[in-house]
Amino acid sequence: MTKNEPEQQAHERPVRERLSAGETWRALYRYFRPHRAAVALGALCTLIGAATGLAQPLAAKALVDRLGSDESIGGIILLLTALVVLGTAIESVGAYVLERTAESVVLAARRTLIGRLLRLRLPEVERTQPGDLMSRITSDTTLLRAVTTQSVVSAVAGGLSFIATIVMMGLMDVVLLGVTLGVIVLIGGAVALVMPKIAKATERAQEAVGTISTALERAFGAFRTLKASGAEERETATVQAAAREAWRHGVRSAKWQAVAWSSVGFAVQVSFLAVLGIGGARVASGAISVSTLVAFLLFLFYLIDPVSRLVEGVSQYQVGSAAIARIVRAERLETEDVAGSAEQAGRQGPAAVRFEDVTFRYREGLPYVHHGVSFDIPGPGMTAFVGPSGAGKTTLFGLIERFYDATGGRVLVDGRGVHEWPLAQLRSAIGYVEQDAPVLAGTLRENLLFGAPGATDEEIREVLVRARLDALVERLPDGLQTLVGHRGSQLSGGERQRVAIARALLRKPRLLLLDEATSQLDAVNELALRDVVAEVSREVTVLVVAHRLSTVTLADRIVVMDAGRVRASGTHEELVAADPLYGELAATQFLATGEDGMIRPGR
Ligand code: ADP
C-alpha cells in the first residue's frame, strides 16, 4: 500500500498494493522462464527470415552482373526463388512459435490464478470483489501475451541491429556518431519519462474492466430485485460509467504510446538535420569525404527500425507490467490447503463438537461476535441453537467448518482442534446446509452430487426419498437431468432447501450442520423434514440453528445464545421453566410457525 492511500482502504491492502520494478520483472520472468527456448527459437527464425530478405538484393546484383555475359541465369533465378520461399517459411514458423508461446504464457497464468482463486480463504473473498477477481483471469492475463514474447524478441532483435548499425556508423565517423547518439539519448530520455505513464494508464484501464465485471455480477446476482426495483437504468449507467472509465484510461495509454512511437521518427529526423549540418561542415573542412557522409546518412535511416523495435518492446513491457501487478496481487491472496485425502481416516459414527471459551470477530476493528462461547456436544442427537438474530449462531458453523479462525479459545471436533485436522478431512466429515440453501446452475443431479461425486444411483434415490424430493423428480419431464437455472431460480424456496439437505446427506456426514430456513417450507414438508432430521440425528450429530418450535421441541438439547454468549442450555421443558429469554422466544418468535402447521413470518 502506498503511504498516502486513505485509511478505509487499508483492508484491501493485498489487492491494491504496488509492485516494485524488481518484483514486476521477477513476476514476468517467472512466466517467461519455461519458454526461454521457444522464444529464442522464434527470435532466431525472425532474424533468419530478415537475413534472407537482406540476401536478396545481393542475389539480384549477381543476376544483373551476369545479364551481359553468356552464363545461364536459371540457377540464380532458382536460388532467388528458393530464398524467398525459405525466408517466408522460416519467418512464418517463427511467428507461429512466438504466438503459440504467448498463448502458453496466458494459459499458465490463468491456470495458476484459477487454481488459487477457488481455494481462497473466506475472509479474503469477503474483502474483494469476485467480479474484479474474475476479470483478472479473463482480461489481465491476455495482456501478458505480448510482453513475454514479442516484447522480448523486439527488444533483443532491435538491440542487436541497433548495436550493429552503431558500430558501422562508428567506422564511418566517430564525431557524427557522437552527434547522432547525443540526439537519441536526449529524446530517448524524454520517452523514458513517458513509459511509466503507459503502465499506469493501462492499470487504471484494467481496474475499470474489473469494475465492469463487479457491477455486472452485482446486477445479475440480484436480477429479480433489480427488475422489481426498476433499477435497470441506474445499474446500466453504473456499468456504462465503468466502461467509459476503461475507455478513458485506454485512450490515455494509447496517447502515451503514440508519443513514444512518433518520437522515434522525430529523433531520427533531428539527428538527420544535425548530422547534415555538422557533417556538411566536416566535408567542407576536409575531415570526411562526401561519400562517407552519404553512407552515414543512409545508416541513420537504417536506425529507425531497431529503435522502433526497442521502443515497442519497452512499451509492451509497460502494458504487461500493469497486468502482472494485478495478477500478482490476486496470487498473493491467502488460500486454504485443501489438498490431501478427504477420507475420514477410518473414523465412523457421530462426531463430537466442543467449544472452549471461544472468542471471535470477523476482522480486526469489527466488534466481537463471540465473547467466550463454551459448550460440549459429545455424541449423536440433535442440538438446537436458539437466540435472537445476530447472537452469533450461524457464525458457530463457520468456525466448525473452519471458514474462519477463532480469535481466541478452541474449537474441537472429535476432541481434536479444528486446526490440527487436515482441512479436507475435517470438511468431509461435515454436511452443511446454509440458511439460503444455495443451488448452483446445472442439473438437479449435478447439484446433488456436488458434495459427493462418487455417490451411486441407489444412494441418490434413497436420499431423494428422505428429503421428500422423489415426487418432485417424478413430476419433472427430465427428472434428475432438469436444469435448475442460475442459482436454482427455477426451483421454489422449499425445493431449494430440500435439494440442499439432500446434497448434505449424500455426503454421509458424521456431523450435520443445518441452518434452518426461517420461512421456506410448507407445513407438510416442514413436518416431513423434521422427521428426517430426527431420524438422521439417531446416527449423526446434528446441530441446528432453529427458528421453529417444532424443531426445538424435538431437540435433545437446546443451547440458548444471546449477544455472543451461551446463556443457558437444557431441554425445552427445563428452559421454559428456568430461562426467561427462552420463555419469551418460545412464546413469541417460535410460535410464529407453530405446531398447527400454519406458516407465519419468522424472525
Ligand atoms: P445469528 O445466526 O445468530 O443471527 P450471525 O452469526 O449470523 O448471527 O451473526 C453474528 C454477527 O456477526 C452479526 O452482527 C453479523 O452482522 C456479523 N457477521 C456475520 N457474518 C459476517 C461476516 N461475514 N463479516 C462480518 N460480520 C459478519
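Both counts, for ligands and for their atoms, begin at 1 and track the order of listing. FYI, side chains are in, hydrogens and waters are out, and symmetry mates aren't considered; it's all heavy atoms of this structure.
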*Check Val369 against ligand 1 and report side chain, backbone, both or neither, counting heavy atoms closer than 4.0 Å.*
side chain
_Can you tell me which portion of Arg363 lies within the under-4.0 Å heavy-atom range of ligand 1? Options are side chain, backbone, both, or neither._
neither
Review item, side-chain donor-acceptor pairs of residues 370-377, under 3.5 Å, at least two apart:
unit_1, atom_1, unit_2, atom_2, d
His370, NE2, Gly392, O, 2.8
Ser374, OG, Asp357, N, 2.8
Asp376, OD2, Arg354, NH1, 3.3

Nitrogen or oxygen of [X] less than 3.5 angstrom from that of ligand 1:
| X | answer |
| --- | --- |
| Gly392 | yes |
| Ala391 | yes |
| Gly390 | yes |

*asked:* Between Arg30 and Glu331, is the salt bridge (Lys or Arg N to Asp or Glu O under 4.0 Å) condition met? List the steps.
replied: CA-CA 13 Å; Arg30 181 159 51 91; Glu331 281 176 355; 3.0 Å; yes
*How are the rings of Tyr404 and Phe360 set to each other: parallel, tilted or perpendicular (split at 30° and 60°)?*
tilted
*Ser389 to ligand 1, any heavy atom closer than 4.0 Å*: yes
_Considering Tyr404, Tyr368, Tyr362 one by one, which has a heavy atom nearer to atom 18 (N) of ligand 1 than any of the others?_
Tyr362
*Taking 4.0 angstrom as the limit, do Glu203 and Arg329 come out as a salt bridge?*
yes
_With Arg410 via side-chain hydrogen bond (donor to acceptor under 3.5 Å, both in side chains) - residues at least two apart_ = none
*Any atoms of ligand 1 less than 4.0 Å from a non-hydrogen atom of Thr395? List them with their elements.*
5 (P), 6 (O), 9 (O), 10 (C)
*asked:* Under 6.0 Å from the ring centre and within 45 degrees of the ring axis: does the NZ or CZ of Arg402 meet both conditions for the six-membered ring of Trp421?
replied: no
